[in-house]
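Scope of the values below: all heavy atoms of this structure, side chains included, with no hydrogens, waters or symmetry mates.
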Amino acid sequence: IDLYDARTAIECEAAALCAEKASAEQVAQMDSLAAEFKKAVPNLDGVRLKETDMPFHKLVVESSGNKYLIRSYNELLPNLKMYQGSWTKFINPGTTNPWSSQVVHQHVAIVSAIKLHIPALARQAMAEHIQSSLNFVAYCEDSGDVFAVFKRVPDRDKGGK
C-alpha cells in the first residue's frame, strides 16, 4: 500500500505536468503505448502487456520534465516490477477479473487528458488508474479474500514484538 501511495504521488503529478509540458512526440509515443496496451489484454498477450504497461508509466514520468519525480520513480521501479508477475492472472481467460475491463481503457483516458492539456483531468485519470491497479494486485493475492492485503495487521499487533 505504501508503494502504491508513493506511486500515486509521483505519477499523478507527472501526468499533470505532462499535460502542460509534454512534447508532441512524447504524447504520440504515449498514445501508441496506450493503444497497444488496450489490444494486449483481450488478445491475452502477456509479452505485449509487459512491453507496454511499465514503459507507458515511465514515459509519463520522464515527460513531466521534473528531475525529482523521475529520480523518485526510478527508486520505485524495482519494487513495481515485482507485481508484473500478477499479469498472467490479469489476462487469464479462465478467471473473472472485475478490474481488467476498467484498466484496459485507463491508459487511453490518461493520454486523452494530456492531449487536451488539462492537468487536473490527467492527475485524476492517473489516480483512478493506479487505484484500479492496486485493487487488481489485491485481487491477485492467493488468500481467498481479495481485500486481505488491506486488512493485514503488523506482527506487533498479533502479540509479537
Sequence neighbours left out, cut at 3.5 Å: what donor-acceptor pairs do the side chains of residues 110-118 make with other protein atoms?
from   : atom 1 : to     : atom 2 : distance (Å)
Ser112 : OG     : Val108 : O      : 2.9
Lys115 : NZ     : Asp31  : OD2    : 2.8
His117 : ND1    : Ala19  : O      : 2.9

Worksheet entry | Side-chain donor-acceptor pair present, Ser72, Glu75, cut-off under 3.5 Å | no
Practice prompt. State, without any angle test, whether Gln29 and Glu25 hold a side-chain donor-acceptor pair at a distance under 3.5 Å.
Written response: no
Practice prompt. Give the cluster check for Leu59 versus Leu76: same hydrophobic cluster or not, with ILVMFWY residues linked at side-chain heavy-atom distances below 4.5 Å.
Written response: yes
Worksheet entry | Transitive ILVMFWY side-chain link Met30 to Met54, under 4.5 Å | yes
Item to complete: Please round to the nearest 0.5 Å and tell me the distance separating atom CG of Leu80 and atom OG of Ser133.
Response: 9.5 Å
Worksheet item: Once you round to the nearest 0.5 Å, how far does CD1 of Ile130 lie from OG1 of Thr8?
Response: 4.5 Å
Response to the item:
What one should report as the nearest heavy-atom pair of Leu69 and Ile10 is O-CG2, 3.7 Å
Would you please name every residue forming a side-chain hydrogen bond (donor to acceptor under 3.5 Å, both in side chains) with [X], sequence neighbours left out?
X	value
Asn74	Lys58
Gln106	His129, Ser132
Arg123	Glu13

Worksheet item: Which residues satisfy the side chain to side chain contact (heavy atoms under 4.5 Å, CB included) test with Thr52, sequence neighbours excluded?
Response: Leu33, Glu36, Phe37, Arg48
Flag side-chain contact, heavy atom, 4.5 Å: [X] against [Y]:
X	Y	result
Gln26	Ser23	yes
Tyr73	His57	yes
Leu134	Arg7	no

Worksheet item: How would you list, by chain and number, every residue that makes a ring pair (Phe, Tyr, Trp, His ring centres under 6.0 Å) with Phe56, sequence neighbours excluded?
Response: His107
Fill in: Under 3.5 Å donor-acceptor, Glu20 side chain and Leu17 backbone
no
